[in-house]
Amino acid sequence: MSTQIELNREEEFPTLYLIDGSAYIYRAYHAVRGLSNSTGLATNATFGFTRMLIKLMQDRAPGYVAMFFDAKGPTFRHERYASYKANRPPMPEDLVEQLPWIRKVTEAFNIPVFEQAGFEADDLIGSLARRAEKNGFRVVMVTGDKDFMQLVTDRCTIWDPMKDKRIDPAAIREDFDLEATQMIDVMGLSGDTADNIPGVPGIGQKTAVRLIQTFGSMDGVYAGIESITAKKQKEKLLQFKDQAMLSRELVTIDRNAPVDFDPDHLKRKKPDDEALTRLFAELEFRQLQKTYASQGESVARRYAAIMDKAALDELVARLERADRFALDTETTSQDPMQARLVGLSFSLVPAQAWYIPTGHNYLGAPEQLSLDVVLDRLRPVLADPAIEKIGQNIKYDWMVLRRHGVELAGVDFDTMVASYLIDPGKRAHGLDQIALDYLGHKNISFAEVAGKGKAAVTFDQVTIDKAIPYACEDADITLAAHDVFVPLLEARGLTDLMKRVEMPLLPVLLGMEMTGVCVDRDRLHDLSKSFAGQLNTLERQIYDMAGETFNVNSSQQLGHILFEKLNLPVQKKTKKKTGYSTDVEVLTKLARSHELPALVLRHRTLAKLKSTYADALLDMIHAETGRIHTSFNQTVAATGRLSSSDPNLQNIPIRTEEGREIRKAFVPREGWTFLSADYSQIELRILAHCSEDSILIQAFKDDEDIHTRTATEVFQVFPQMINDDLRRQAKAINFGIIYGMSAYGLARELEISNKMAQTYIDHYFARYQGVKSFIENTIEAARDTRRTSTLLGRLRQLPDIASTNRNVRQFAERTAINTPIQGTAADLIKLAMINVDRALRQKRMQTTMLLSVHDEMIFEVPPDEMDDAKALVREEMEHVWELAVPLKVNVACGQNWAEAH
DNA sequence: GCGAGGCA
DNA sequence: TGCCTCGC
């Protein structure tokens with residue numbers, strides 16, 4: 001209803017809003033402090049400005065609107081008065097860099113911009129206001145600047161959106177008992193310190209107002225000067241008469257600047273929502289994105305279900321004609337190796353999507369197209385490499401489809417991977433998060449359609465009515481996210497990494513997951529039993545010593561026994577001081593004075609091995625394939641590395657004998673052999689390459705033992721003097737450097753004094769000067785750009801690198817060093833995986849890549865291929881990238897994972 | 001030094 | 001949710 005009233009008023013009096021952009025930039029800059037995006041770009045003024053603009057457009061819904069900026073360079077006022085605005089400091093750097101963004105925001109709102117050399121925004125506003133008034137328009141000058149009061153008439157008012165205050169002639173009369181035009185004379189007398197306009201010294205605004213009230217104008221003041229009794233005031237007025245006249249001239253807004261008044265041009269246009277969304281994403285205005293989008297959620301989304309053959313034919317015809325489309329599957333399980341298809345959704349154009357239900361089987365479900373019919377009909381278009389497929393975590397859909405006998409081709413873009421590349425530090429890259437952050441859109445939650453907790457049902461039990469908007473939205477939003485991500489990746493130089501590494505890697509990971517790996521069921525059973533027996537014995541001993549039974553795995557209960565019952569010395573509290581710490585370090589120390597802690601340590605190791613590996617692995621054997629299908633996650637580790645889960649292969653113990661027992665349970669298929677290939681010292685080699693450190697480079701070129709070499713450098717002894725302990729210490733130093741460890745950390749690791757640790761580090765840097773400057777340069781570069789990057793341009797945002805909090809900053813600095821090294825290793829391993837996979841295919845070999853763990857790849861090799869496979873893998877891995885040092889790969893084979901390592 | 005997943 | 005242990 002309010003819209004109706006607004007429209008009527010608009011029709012009667014077309015109203016033109018003239019926005020004093022320049023003034024707002026400054027006001028926003030000072031009103032919003034300390035805002036920047038993850039690239040380090042200051043965004044405070046842009047944010048304040050944008051918020052003001054949204055508020056204006058939404059609250060006022062102006063029929064006509066224009067934006068005004070000051071042009072660079074001097075104006076006629078500078079010519080008249082050299083000191084004009086001379087006291088203004090130059091615009092701060094972090095404001096200057098925001099100007100282009102403010103301009104882009106204005107353009108995205110489709111608001112015409114006025115800016116002209118030689119004129120200030122004020123003059124352009126005054127001139128356009130005059131023309132508009134003449135043409136029967138009402139004018140609202142959007143500003144907080146009191147200079148504009150001189151222009152105020154019944155049909156031309158000021159509105160200050162920050163104070164939400166309207167100034168019309170009546171308001172001026174009330175505040176000053178003056179007419180608007182008299183304000184020029186007031187300001188002529190009082191001057192304006194902000195603009196360095198002098199006025200008459202000693203006469204402030206209050207006095208000036210009183211004088212003009214009395215005499216009507218400045219000319220009136222001088223005509224009646226003799227009647228002024230205050231002697232000092234009279235003297236000053238006379239002495240500075242010329243200055244007062246000049247000041248009046250300077251504060252007078254020029255109303256004859258050459259501006260075009262073209263109502264068509266000024267008529268408010270619909271904002272370019274797509275451009276705004278993209279800008280908000282880049283500026284990281286998540287909150288604004290949300291408010292803006294929730295108001296502007298006017299987009300009519302057209303979602304429909306495909307229930308019959310004719311509709312399916314029509315959709316397939318559309319898909320065939322498309323260059324690209326987004327697809328999503330609805331299934332019965334999160335696990336792609338278990339999931340059954342319930343339906344498929346597609347989106348080809350923004351805000352439009354279709355859902356094809358095939359497997360909803362709740363009571364009373366309508367008849368649906370059969371899955372076979374649907375897949376047969378879709379198969380050609382899904383397998384057409386010329387049509388680009390876009391998905392969110394498309395590895396999942398691809399696996400499900402493959403398990404249902406349909407192959408995808410032309411898989412071009414994964415929005416989850418894109419989100420990860422843009423900001424790998426984010427916790428979540430799910431579609432809901434992406435929609436919120438980049439599209440300002442709140443997705444329908446899974447819980448809304450399927451229920452949550454115990455009441456949750458599988459998707460086949462969800463009614464089709466509920467499924468349609470949910471499933472369609474996923475495809476629709478995926479397509480929209482793609483359109484936002486493509487320019488964002490491009491802007492950050494991530495397109496190549498996406499196209500050449502992450503997307504090609506996706507099918508390689510998918511292949512490994514689907515192939516799975518064989519485990520020796522009997523061995524695992526035996527292990528589990530043996531662990532159980534040992535745990536039992538340990539528990540009995542522990543309870544005996546404790547004098548009571550308790551859950552040894554509960555650190556809380558253990559803390560109670562150790563520190564309250566047995567009164568052992570408390571070493572440290574847990575992080576949030578909720579209890580006693582019982583970690584390895586504490587228990588190891590306590591073990592010196594009491595037998596119990598040692599038993600607990602042993603218990604812990606065995607319990608972890610039993611529950612997390614032996615038993616869990618048995619549980620994870622797939623019913624149909626009889627193998628274990630690990631998930632490789634491409635979007636979790638912030639450094640760029642892969643992670644694995646269910647089971648997590650990254651933390652299977654390797655140092656202890658029991659840990660190796662678990663590895664022995666991973667076996668090749670009957671008659672085949674495992675081949676393991678791992679990069680030797682890849683991180684230190686990358687450090688050598690990045691730092692160009694001559695000693696480090698030479699050491700690797702000569703294929704020296706790098707830890708021994710570091711020992712000779714740091715401890716200043718001959719190589720033949722290096723014993724195991726010195727080498728161990730040097731190794732800790734080498735890793736400490738990579739991880740950005742402090743002297744304190746190294747001291748703890750080596751159990752030496754802080755001072756000694758610092759001496760080691762000093763010696764290290766004295767010898768490896770290239771490394772020293774590399775670290776310094778990397779931190780400095782990170783401080784400039786607020787990010788750090790790898791060899792292939794993978795980025796990690798470091799918003800905290802310039803934090804004033806020392807701890808926070810130092811953490812970011814360590815990350816700045818560690819990420820390029822670990823991340824480059826990740827880049828190279830990913831590239832090597834792609835190349836090895838491709839080479840194996842080209843040679844039509846049966847050798848299959850099964851696992852990728854850290855710097856190691858594991859293959860299953862048929863008997864006659866071993867020599868070829870070894871050579872191929874080594875060749876591809878060692879020559880994946882030309883570095884300043886050779887890459888070395890250790891290759892070994894065996895009848896289980898432990899043996900092949 | 002941190003991050004990863006898994007368990008109480 | 002926090003703690004723990006493993007890996008790099």
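This structure is a prediction, so every number in the text was calculated from the model and none was measured. Letters A, B, ... are given to chains in the order of the sequence lines, protein chains preceding strands, and every chain is numbered from 1.
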- Message: Under 4.0 Å, counting only non-hydrogen atoms across every strand here, what does E683(A) touch: a base, just sugar-phosphate, or nothing?
- Response: sugar-phosphate
- Contact class for N633(A) (heavy atom, under 4.0 Å): base, sugar-phosphate, or nothing?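 No contact.
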Within the sub-3.5 Å range, which N or O atoms of nucleotides 2-4 of chain B have a protein N or O partner, and how far apart are they?
| unit_1 | atom_1 | unit_2 | atom_2 | d |
| --- | --- | --- | --- | --- |
| dA4(B) | OP1 | V636(A) | O | 2.8 |

- Tell me, please, which residues at least two apart from D432(A) pass salt bridge (charged side-chain N to carboxylate O under 4.0 Å, His left out). none
Take atom [atom1] of [X] and atom [atom2] of [N], then tell me their distance rounded to the nearest Å.
| X | N | atom1 | atom2 | value |
| --- | --- | --- | --- | --- |
| L649(A) | dG6(B) | CG | C1' | 14 Å |
| L642(A) | dG7(C) | CG | P | 18 Å |
| Y739(A) | dG7(C) | OH | P | 11 Å |
| E856(A) | dG7(C) | CD | C1' | 12 Å |
| H854(A) | dG7(C) | NE2 | P | 8 Å |
| N734(A) | dC8(C) | CG | P | 16 Å |
| M620(A) | dG5(B) | CE | P | 12 Å |
| R806(A) | dG1(B) | CZ | P | 13 Å |

- Message: Take a 6.0 Å sphere around NE2 of H622(A) and say whether it holds more than 12 heavy atoms from other residues, nucleotides or ligands.
- Response: yes
- Item | Other residues, nucleotides, ligands: >12 heavy atoms within 6.0 Å of R728(A) CZ |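 Yes, because the 6.0 Å sphere around CZ of R728(A) holds more than 12 heavy atoms from other groups.
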- Item | Residues that D335(A) engages under side chain to side chain donor-acceptor pair (under 3.5 Å), provided they are two or more places apart |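 Checked D335(A) against side chain to side chain donor-acceptor pair (under 3.5 Å); zero matches.
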- Pick out which of R602(A), E539(A), K610(A) makes a side-chain hydrogen bond (donor to acceptor under 3.5 Å, both in side chains) with Q534(A).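 Testing each of R602(A), E539(A), K610(A) against Q534(A), the sole residue satisfying side-chain hydrogen bond (donor to acceptor under 3.5 Å, both in side chains) is R602(A).
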- Pair R783(A) + E780(A), salt bridge at N-O below 4.0 Å: no
- Determine, for D693(A) against R767(A), whether the closest basic-nitrogen to carboxylate-oxygen distance falls under 4.0 angstrom. no
Between [options], which nucleotide has the shortest distance from any of its atoms to the side chain of [X]?
| X | options | answer |
| --- | --- | --- |
| S611(A) | dG5(B), dC7(B), dG1(B) | dC7(B) |
| D646(A) | dG6(B), dC8(C), dC4(C) | dG6(B) |
| T612(A) | dT5(C), dC7(B), dC8(C) | dC7(B) |

